Amino acid sequence: MKLTKTIFSLLILLCCLLSNTFAQEILVNVHGRKTQSLNGKWDAIIDQYDQGRKNKIYLNKKPVGKTDFYEYSFDAGLKLNVPSDWNSQLPELKYYEGTVWYAKHFDVPKDHIGRLFIYFAAVSYRCKVYLNGKEIAEHEGGFTPFQVEVTDLVKKTDNFLVLEVNNTRTTDAIPAKSFDWWNYGGITRDVMLVSTPKVYIHDYFIQLDKHRNNQINAVVKIAGSQVNVAVTVELPELKIKQKLVTDQRGIARASISNVKQLQRWSPESPKLYNVRISTAEDMINEMIGFRNLAVKGTGIYLNDKPVFLKSISFHEEIPQRKGRAFSEADAVMLLSEAKALGCNMIRLAHYPQNEYTVRAAEKMGFLLWEETPIWQGIDFENQETRKKAGTMIKEMVMRDKNRCALSFWGMANETQPSKARNEFLKYLIKCTKEIDSTRLITAAFDLVKFDRNRQCFVMDDPFIKELDVVAINKYMGWYHPWPVTPDKAIWDVARNQPLIISEFGAEALYGKTGDADTASSWSEDYQAQLYKDNLEMFKHIPNLRGISPWVLFDFRSPFRFHPTYQDGWNRKGLVSDQGFRKKAWYIIADYYKNIN
Ligand code: GCU
């Protein structure tokens, strides 16, 4: 009996230790907590042949005797900006795929008491985290946050934090081996120390009830599953002060009904309320909006009124800087161009974008579609890949579930029908709904074909019945010549569901004029005419509830070889890589201005 107990205790200890080397469930709303930024210039070592880990360079050893020496040093070497991709920081790193080591010394904040975490808003694509010479975490996925508790691992001063970052593409990754955007690598988003009390507010989900316009549902989770903790949820502007108590799992729930004078969030009136969640030891504030979103028949309803989605897509990239977007200023630049275009929605392609963009979009009045990079060829047969995809989508939903602007969770982009794909995507829907069952589930397909017998566009993929909204990418006039004139282009696709055109468009080199009927002119005139033709076709899609032209800005892609017209850029932007609006921009601006 004694032996069994010992083994059991050792197993528990092992699980606790192991759990520390893997990133923990993320802290919600770090921006509302006590933080200290670790952004800035970090020391870096380019490790092209992956020698660093076996040489344990994260120990940062210094020669002491007459005979020892080390063939590395983090001091006085390369320095890289954090946050930022590495590709845009050095010409030699433009195409680099491999490992880069980052290192940073830091002191624990002087007034720190309680628990301490290091929070990474994103590291692309995979990384291991070492602190004071020990591996403490690892993470895979270039677009979602993770953190690791370091309360018992830090010294008061001169802690040595090292990240081993790798962006090599692999067939079991998400995205997989090839994708139509730049493979930026690096610590691409903020890094910060987060201080919390010993018993802290770990997570909360506060939103308007899916089916009622005057009931706010609140769920608050206290770290360490602390039982009987008194929690208060306040919305001062609505004179709400709700008392809750945590249950056996450390979770407190409340449905606050008959809320008076609630102004529901909408793109036209993006009202946010200050929400304060507090316990005896902790308090956190967040601006949260409240809205109702539903599908009824083929309609999409926002706050009980039918809505037409005037969307646009953009990648997380500042073209003028040839680098990943990562700051609030970057977010405002991208979103301001979408606002000028007259959009009420953004499809954040093709991966969870940084939190500044999501929060700024909500403040500026954009509905949002977010997705993980389940883009075309994913290894749907691979159980490990499926597990990774589940973790990734949960990290995305956990981070943004309190953003009322978030309306669509995208499950995939242009995947091909198969049993394995269907099972994989159903698993992702399950993972999503475990956290949030209130938003609309969608996915983008490129499976619409022209049926010559019926003389109409059709699609055959039974998987669409798993979705609330069906999204179609269709490049009529670009990848597909017109089989009929646009005014005769009738659609019979997903007829009983709302349908969004989630991508359409064509490439044009800004300033290139040419024949409006010749694709290989790569001209703005051809792109503009194609937009006019597609808008004509859209009139003949009876269940069309929104469009999202591909794409707001020209963006970088290794897919795009043409030396004159592309030169490593996908030129489908309505705005050039230098920030100039093409003729097609004005066609969409006019369409959005005049559509109801
Ligand atoms: C696809 C894909 C995009 C890509 C676009 C294109 O539809 O979803 O990521 O950039 O086509 O070919 O430009």
Side-chain angles (χ1 to χ4, degrees), residues 180 297-298 300 308-309 311-313 347 349-350 375-377 410-418 421-422 425 442-508 515-523 525-551 559 570-572 574 584 587-588 591 595:
D180 191 16
T298 64
I300 300 174
F308 187 83
L309 305 169
S311 181
I312 192 73
S313 296
R347 179 189 175 194
H350 279 293
W375 189 91
Q376 295 185 7
M411 294 300 116
N413 185 70
E414 301 191 349
T415 57
Q416 300 310 311
S418 75
R421 179 211 71 175
N422 293 352
L425 297 191
T442 187
F445 301 88
D446 61 343
L447 301 169
V448 167
K449 305 271 180 275
F450 185 70
D451 180 325
R452 292 204 175 280
N453 301 327
R454 292 184 54 197
Q455 284 294 296
C456 73
F457 288 86
V458 298
M459 171 176 160
D460 175 22
D461 185 349
F463 183 78
I464 59 173
K465 69 180 180 314
E466 305 292 335
L467 306 172
D468 298 308
V469 176
V470 177
I472 303 297
N473 298 348
K474 191 68 183 168
Y475 287 87
M476 288 314 300
W478 188 247
Y479 296 125
H480 314 288
W482 292 93
V484 290
T485 52
D487 60 332
K488 300 272 186 311
I490 316 296
W491 284 47
D492 180 9
V493 176
R495 67 169 75 120
N496 303 319
Q497 294 172 268
L499 185 146
I500 303 176
I501 296 291
S502 40
E503 287 183 35
F504 74 98
E507 298 207 26
D515 302 332
D517 62 356
T518 309
S520 58
S521 71
W522 297 83
S523 66
D525 307 286
Y526 185 84
Q527 185 189 43
Q529 183 55 52
L530 180 140
Y531 267 76
K532 287 177 193 156
D533 294 343
N534 275 272
L535 293 180
E536 172 56 38
M537 173 173 74
F538 297 157
K539 291 177 190 167
H540 314 294
I541 305 179
N543 52 332
L544 181 70
R545 298 296 174 259
I547 68 166
S548 192
W550 185 259
V551 65
F559 274 23
N570 182 316
R571 297 285 185 199
K572 293 192 184 66
L574 292 176
I587 292 168
I588 289 295
Y591 177 75
I595 195 152

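It should be emphasised that the depicted structure is a prediction, and the values quoted were computed from it without experimental measurement.
- Ring-centre distance between Y531 and F504: below the 6.0 Å cut-off.
- By the ring-ring contact (aromatic ring centres under 6.0 Å, His included) test, F450 is found to be paired with F457, residues two or more places apart in sequence or in another chain being considered.
- The existence of a salt bridge linking K572 and E503 is excluded, since no basic side-chain nitrogen approaches an acidic carboxylate oxygen closer than 4.0 Å.
- Here the side chains of E414 and L447 are not in contact, with every heavy-atom distance at 4.5 Å or above.
- Between K474 and D446, every side-chain heavy-atom pair lies at or beyond the 4.5 Å cut-off.
- Listed for the T442 side chain is no donor-acceptor partner under 3.5 Å among the backbone atoms of G410.
- Using a 4.5 Å heavy-atom threshold, the side chains of W522 and Q527 count as separate.
- D180 places no side-chain N or O within donor-acceptor distance of the main-chain N or O of F559, the cut-off being under 3.5 Å.
- At least one side-chain heavy atom of I464 sits under 4.5 Å from a side-chain heavy atom of F445.
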> Run the side chain to side chain contact (heavy atoms under 4.5 Å, CB included) check on M476 and I501 step by step: do they pass?
Replying inline: CA-CA 12 Å; M476 288 314 300; I501 296 291; over 6 Å; no

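- The backbone N or O of V493 sits less than 3.5 Å from a side-chain atom of N543, completing a donor-acceptor pair.
- With contacts defined as side-chain heavy-atom distances shorter than 4.5 Å, the pair V458/V448 does not qualify.
- In summary, the side chains of S521 and D515 do not present any donor paired with an acceptor at a separation below 3.5 Å, with no hydrogens or angles considered.
- I547 places a side-chain heavy atom less than 4.5 Å from the side chain of Y591.
- Cation-pi check for R545 over F308 is not met; the charged atom does not lie both under 6.0 angstrom from the ring centroid and within 45 degrees of its normal.
- When side chains are defined from C-beta on, I490 does not count as touching Q455, because their heavy atoms never get closer than 4.5 Å.
- Listed by chain and residue number, D533 satisfy the side-chain hydrogen bond (donor to acceptor under 3.5 Å, both in side chains) test with Q529 (two or more places apart in sequence, or in another chain).
- Between T298 and N496, the shortest heavy-atom contact is CG2-C, 3.7 Å.
- Looking at residues two or more places apart in sequence or on another chain, you find a side-chain hydrogen bond (donor to acceptor under 3.5 Å, both in side chains) between H540 and E536.
- For Y475, the ring-ring contact (aromatic ring centres under 6.0 Å, His included) test picks out Y479, with sequence neighbours left out.
- Under the side-chain hydrogen bond (donor to acceptor under 3.5 Å, both in side chains) criterion, S311 pairs with S548, sequence neighbours left out.
- Under the side-chain hydrogen bond (donor to acceptor under 3.5 Å, both in side chains) criterion, D492 pairs with R454, R495, sequence neighbours left out.
- For the pair W550/N473, no side-chain contact is recorded, criterion being any heavy-atom separation below 4.5 Å from C-beta on.
- The two residues R421 and S418 have their closest heavy-atom pair at N-OG, 2.8 Å.
- Side-chain atoms of E507 do not come within 3.5 Å of backbone N or O of N570 as any donor-acceptor pair.
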